[in-house]
Amino acid sequence: MRHVTGAWFAAVLLLGAAMQVHSQTTPRVVDIPTRPGVTQRILLLTPPEPRAAVVLFAGGHGGLQLSPNGTLKWGAGNFLMRTREQFAGYSLLVAVIDAPSDRQSPPFLSGFRQRAEHVADVKAVIAWLRQNADVPVWLVGTSRGTQSVAHVATELAIPDGPDGIVLSATILADDRSRPVPAMPLDRLRIPVLVVHHEQDGCRHCLFADMPSLMSKLGGAPRVQLLAFTGGVNEGDPCEARGYHGFSGIERAVVQNTAAWLLAK
């Protein structure tokens with residue numbers, strides 16, 4: 001496990017700053033057919049000449065309820081949702097994923113993230129991105145979104161699955177559903193980046209439980225833990241405005257994440 005500290009941290013920040021593209025992207029909404037009678041809505045941010053695509057999975061129940069004009073009814077404060085334009089600023093095509101059309105009411109993605117139907121929906125999104133943008137496709141999840149990302153990645157290998165995954169504020173322990181370390185992570189043969197706050201106070205995501213995840217990633221060709229400290233900690237420790245959501249250090253987290261996944 002490697003922490004983001006000292007000179008290495010400064011070097012990565014400089015690389016991230018050098019990569020950033022200061023151009024505006026025009027969001028658009030796409031409905032992708034998945035299962036019979038079901039569509040999967042995504043919000044796309046496409047920068048000029050993207051180098052990779054990232055599919056962003058929010059935490060919680062995951063029901064963003066994206067409108068046709070791209071507004072979010074829920075989840076705007078989520079770490080990945082509020083930084084989506086920053087990701088696009090690093091030459092990353094961003095696809096924000098909603099719950100599918102047959103899960104647009106409570107409980108949305110709750111109880112659904114580790115089902116075959118969810119895998120089919122994400123598979124269709126990956127295929128659509130590969131067809132429409134000739135770039136690697138990464139799945140990026142935060143909190144409960146890491147359960148979606150890890151499960152899909154263990155069920156789908158390339159060419160159907162992602163080229164790499166990012167797990168931020170990973171669900172490391174849970175009494176309601178299977179946490180990420182309990183998944184068959186030994187199947188993974190793609191790069192895995194783990195992003196976590198050392199002071200995360202959510203009982204499902206305690207940094208002390210990180211070895212249970214990192215010890216399972218030995219089959220991946222490239223693995224890194226980026227561990228952060230500091231920022232702002234407000235409200236519920238499992239919500240996005242605390243250390244759990246990298247509040248106050250978003251730009252550093254995004255820069256380092258983008259630098260790592262774009263590195264050769």
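Residue numbers count from 1 along this sequence. Small disclaimer: the values here were computed from a predicted structure and weren't measured.
- The closest side-chain heavy-atom distance from Pro100 to Leu109 is below 4.5 Å.
- His118 and Arg103 share no side-chain donor-acceptor pair at under 3.5 Å.
- A salt bridge links Asp163 to Arg130: at least one charged side-chain nitrogen sits closer than 4.0 Å to a carboxylate oxygen.
- Ala169 and Cys205 get closest at one heavy-atom pair: O-SG, 3.7 Å.
- Distance alone, capped at 3.5 Å, places no donor-acceptor pair between the Gln65 side chain and the Leu72 backbone.
- Contact check for His244 versus Asp236: no side-chain heavy atoms found under the 4.5 Å cut-off.
- Ser212 and Asp209 share no side-chain donor-acceptor pair at under 3.5 Å.
- When all heavy atoms of Ile171 and Pro181 are compared, the closest pair comes out as O-CD, 3.5 Å.
- In this structure, the separation between CG on Asn69 and OG1 on Thr71 is 4.0 Å, given to the nearest 0.5 Å.
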Task: Test log, rule side chain to side chain contact (heavy atoms under 4.5 Å, CB included), inputs Leu217 and Val194 - done: CA-CA 10 Å; Leu217 298 174; Val194 179; 4.1 Å; yes
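- Using a 4.5 Å heavy-atom threshold, the side chains of Glu117 and Asp102 count as separate.
- Between the Arg35 side chain and the Ala120 main chain, no donor and acceptor come within less than 3.5 Å of each other.
- With hydrogens and angles ignored, the 3.5 Å screen pairs no side-chain donor or acceptor of Ser148 with any backbone N or O of Gln114.
- When every heavy atom of Ser101 is checked against every heavy atom of Gly37, the shortest pair comes out as OG-O, 4.2 Å.
- The shortest distance between side-chain heavy atoms of His61 and Pro107 does not fall below 4.5 Å.
- Taking a cutoff of 4.0 Å between a charged side-chain nitrogen and a carboxylate oxygen, Glu239 and Arg241 do not qualify as a salt bridge.
- Applying salt bridge (charged side-chain N to carboxylate O under 4.0 Å, His left out) to Glu155 and the options Arg113, Lys123, Arg187, Arg115 leaves one that passes, Arg187.
- Heavy atoms only, all atoms of each residue included: Ala240 and Ser247 are closest at O-CB, 4.1 Å.
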Task: Working for side chain to side chain contact (heavy atoms under 4.5 Å, CB included), residues Trp128 and Leu44 - done: CA-CA 12 Å; Trp128 188 92; Leu44 280 178; 3.4 Å; yes
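- Residues Gln147 and Val180 form a side-chain contact, since some pair of their non-hydrogen atoms from C-beta on lies under 4.5 Å apart.
- When side chains are defined from C-beta on, Leu172 does not count as touching Pro179, because their heavy atoms never get closer than 4.5 Å.
- At distances below 3.5 Å, not a single donor-acceptor pair connects side-chain atoms of Asp31 with backbone N or O atoms of Thr39.
- Arg82 places a side-chain N or O within donor-acceptor distance of the main-chain N or O of Gly77, the cut-off being under 3.5 Å.
- Proximity of Leu80 to Phe87: side-chain heavy atoms (C-beta onward) are separated by under 4.5 Å at one or more points.
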- [ ] I would like to know whether Leu193 and Leu261 meet side chain to side chain contact (heavy atoms under 4.5 Å, CB included); could you show each step before the answer?
- [x] CA-CA 8 Å; Leu193 176 63; Leu261 70 85; 5.6 Å; no
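- Looking only at side-chain heavy atoms (C-beta outward), Tyr243 and Asn233 come within less than 4.5 Å of each other.
- A side chain to side chain contact (heavy atoms under 4.5 Å, CB included) with Thr146 is found for exactly one of Val166, Leu167, Val140, namely Leu167.
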Open item on the list: Set out, in order, the CA-CA distance, both residues' side-chain angles and the distance that settles side chain to side chain contact (heavy atoms under 4.5 Å, CB included) for Thr83 and Phe246, then state yes or no.
Closed with: CA-CA 11 Å; Thr83 59; Phe246 307 99; over 6 Å; no
